[in-house]
Amino acid sequence: MLARGTLSSLILWGGPGCGKTTIARLLAGRAGLFYSQISAVFSGVADLRRAFEEADQKQAATGKGTLLFVDEIHRFNRAQQDGFLPYVERGTVVLVGATTENPSFALNAALLSRCQVLVLNRLDDASLESLLEHAEEEVGRPLPLDPEARASLRAMADGDGRYLLNMVEQLVALDSSKVLTPRDLAAILSRRAILYDRDREEHYNLISALHKSLRGSDPDAALYWFARMLEGGEDPRYIARRLTRFAAEDVGQADPSALPMAVAGWQTYERLGSPEGELALAQVVVHLATAPKSNAVYTAYKAARALARDTGSLMPPSHILNAPTALMKDIGYGQGYEYDHDSEDAFSGQNYFPDGMPRASLYHPTDRGHEGRIRKLLDMRAAKRASREP
């Protein structure tokens with residue numbers, strides 16, 4: 001875009017300290033635009049109107065456009081976001097919005113359709129080291145860190161360049177010539193808080209990672225995401241609820257003990273609380289990850305619901321209806337019913353679907369775990385049922 005001289009409006013989506021504001025300033029300089037900045041946290045409609053008026057005046061006086069950088073743009077409501085549209089379309093401003101939230105959820109469709117979304121990743125270890133080297137060039141001396149402490153400093157930043165530079169400023173201000181070790185560093189500086197918002201996208205990203213690690217039968221990865229959620233302040237009861245759902249949906253009859261174990265882990269947490277009860281949930285995580293997997297019950301349940309909607313209010317066949325009155329017996333209720341316990345292997349093979357409705361096959365057990373035994377049993381019963389058909 002810079003090469004062809006037509007800079008489009010942009011949404012920069014990334015975590016804190018990944019360089020969104022810096023990129024906006026650099027773009028304004030390279031594109032030959034005035035730079036104006038507002039924050040959605042501290043600005044309202046009047047501030048927006050003032051910024052647009054100033055951009056109009058500058059363009060009229062100099063013919064030069066303005067890059068308007070809007071920090072935390074997702075904090076503007078839908079009506080305020082709509083206020084950008086005419087100015088973006090006229091080219092009065094090149095809008096560069098910065099957000100830590102998923103634009104698909106945080107910004108309205110009309111604004112998104114006029115902008116390109118660029119995803120900025122958290123800074124990796126090499127990028128953080130590069131920042132440290134630049135900082136040392138600025139202050140004119142190396143930081144008083146041994147190699148392990150230097151690596152620890154980068155780890156403490158957790159991908160946030162701004163936080164890293166704030167820690168560097170604290171180290172530069174130290175009046176000491178001592179070379180610091182990781183232990184010294186930990187005593188002086190605090191580790192950056194883990195990014196986690198229980199009401200926002202990170203919450204759903206991590207529970208998705210836990211769920212899919214369990215489904216992928218990876219206990220190590222599952223424990224990692226479980227711990228990440230706890231460290232981020234997630235309510236363990238929410239995790240317990242999701243583990244119980246997983247036991248029913250993804251393990252099912254392949255390991256019938258999974259569901260009662262998940263419930264037991266949940267109850268144990270309720271009795272013990274944190275942190276003791278979290279160990280019970282960790283045990284559930286490992287059990288579910290290592291258990292054989294089957295979604296056959298889940299699939300059968302969805303198919304049964306669909307079939308029930310499609311078939312309406314069909315009556316059960318008369319032979320399985322109770323007949324508590326003489327009238328009911330006279331009209332055939334219960335007539336011909338075979339008591340299964342009196343049959344060979346306690347299985348009569350009678351039809352239990354409505355009369356005239358084709359038999360539906362809903363539950364298809366896998367050959368994994370306990371379901372393998374269920375599958376053999378159902379195959380034997382299907383053969384006996386078929387032998388009764390005329």
Side-chain angles (χ1 to χ4, degrees), residues 10-30 35-43 47 51 67-76 94-103 106-107 115 117-145 147-174 180 182 184-203 205-206 228 231-233:
L10 304 170
I11 300 296
L12 304 179
W13 173 27
C18 66
K20 298 184 291 294
T21 305
T22 302
I23 288 174
R25 290 183 178 277
L26 292 171
L27 285 174
R30 286 287 302 275
Y35 180 80
S36 178
Q37 178 174 343
I38 61 173
S39 170
V41 177
F42 303 109
S43 304
D47 302 289
L67 186 150
L68 176 62
F69 178 68
V70 182
D71 198 15
E72 303 290 334
I73 191 171
H74 60 274
R75 294 188 180 273
F76 279 132
V94 172
L95 174 67
V96 177
T99 178
T100 56
E101 302 292 334
N102 188 327
L107 303 180
C115 301
V117 177
L118 301 183
V119 181
L120 304 182
N121 298 317
R122 65 195 296 278
L123 301 185
D124 59 18
D125 195 62
S127 299
L128 293 172
E129 176 59 29
S130 180
L131 271 182
L132 286 180
E133 292 170 359
H134 283 300
E136 289 171 326
E137 290 176 9
E138 287 291 323
V139 299
R141 58 187 172 88
L143 295 171
L145 303 170
E148 290 184 357
R150 193 178 183 92
S152 180
L153 183 68
R154 298 194 300 269
M156 292 170 75
D158 192 27
D160 186 332
R162 184 187 300 110
Y163 193 81
L164 178 72
L165 293 177
N166 288 340
M167 292 191 292
V168 168
E169 288 180 348
Q170 295 181 59
L171 293 176
V172 169
L174 288 176
L180 303 177
D184 299 326
L185 198 63
I188 297 169
L189 302 173
S190 62
R191 179 179 292 273
R192 179 182 177 277
I194 293 174
L195 275 181
Y196 191 75
D197 192 327
R198 289 166 52 183
D199 300 321
R200 304 294 176 114
E201 189 191 16
E202 192 68 15
H203 164 83
N205 286 345
L206 265 60
R228 277 281 301 274
E231 290 296 321

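Side chains are part of it too, since the values below use all heavy atoms of this structure and drop only hydrogens, waters and symmetry mates.
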Once rounded to the nearest 0.5 Å, what's the spacing between atom [atom1] of [X] and atom [atom2] of [Y]?
{"X": "Arg154", "Y": "Asp124", "atom1": "CZ", "atom2": "CG", "value": "10.5 Å"}
{"X": "Asp158", "Y": "Leu128", "atom1": "CG", "atom2": "CG", "value": "9.0 Å"}
{"X": "Leu185", "Y": "Ser152", "atom1": "CG", "atom2": "OG", "value": "5.0 Å"}
{"X": "Leu153", "Y": "Leu143", "atom1": "CG", "atom2": "CG", "value": "7.5 Å"}
{"X": "Arg162", "Y": "Leu123", "atom1": "CZ", "atom2": "CG", "value": "10.5 Å"}
{"X": "Leu12", "Y": "Asp71", "atom1": "CG", "atom2": "CG", "value": "10.0 Å"}

Give me the atom names and distance for the closest heavy-atom approach of [X] to [Y].
{"X": "Ala157", "Y": "Tyr163", "result": "CA-CD2, 4.0 Å"}
{"X": "Ala106", "Y": "His74", "result": "CB-CB, 3.5 Å"}
{"X": "Val168", "Y": "Ala135", "result": "CG1-CB, 4.0 Å"}
{"X": "Leu68", "Y": "Ala51", "result": "CD1-CB, 4.2 Å"}
{"X": "Pro103", "Y": "Ile11", "result": "CG-CG2, 4.2 Å"}

Do [X] and [Y] come within less than 4.5 Å of each other through their side chains, counting heavy atoms only?
{"X": "Leu164", "Y": "Met156", "result": "no"}
{"X": "Ile73", "Y": "Leu95", "result": "yes"}
{"X": "Leu171", "Y": "Leu145", "result": "yes"}
{"X": "Val94", "Y": "Leu27", "result": "no"}
{"X": "Glu101", "Y": "Leu107", "result": "no"}

> Should we count CD of Glu148 as having more than 12 external heavy atoms under 6.0 Å?
Replying inline: no
> Checking side chain to side chain contact (heavy atoms under 4.5 Å, CB included) for the pair Thr100/Glu72: CA distance, chi angles, key distance, verdict?
Replying inline: CA-CA 7 Å; Thr100 56; Glu72 303 290 334; 4.1 Å; yes
>> Could you work out, with ring-ring contact (aromatic ring centres under 6.0 Å, His included) as the rule, every residue matching Phe69, not counting sequence neighbours?
In response: none
> Donor-acceptor pair, Lys20 side chain versus Gly15 backbone, under 3.5 Å?
Replying inline: yes
>> Assess the residue pair Arg141 and Val172 against the criterion (side chain to side chain contact (heavy atoms under 4.5 Å, CB included)); give the C-alpha distance rounded to whole Å, side-chain angles, the decisive distance to 0.1 Å, and a yes or no.
In response: CA-CA 9 Å; Arg141 58 187 172 88; Val172 169; 3.6 Å; yes
> How would you list, by chain and number, every residue that makes a salt bridge (charged side-chain N to carboxylate O under 4.0 Å, His left out) with Glu136, sequence neighbours excluded?
Replying inline: Arg150
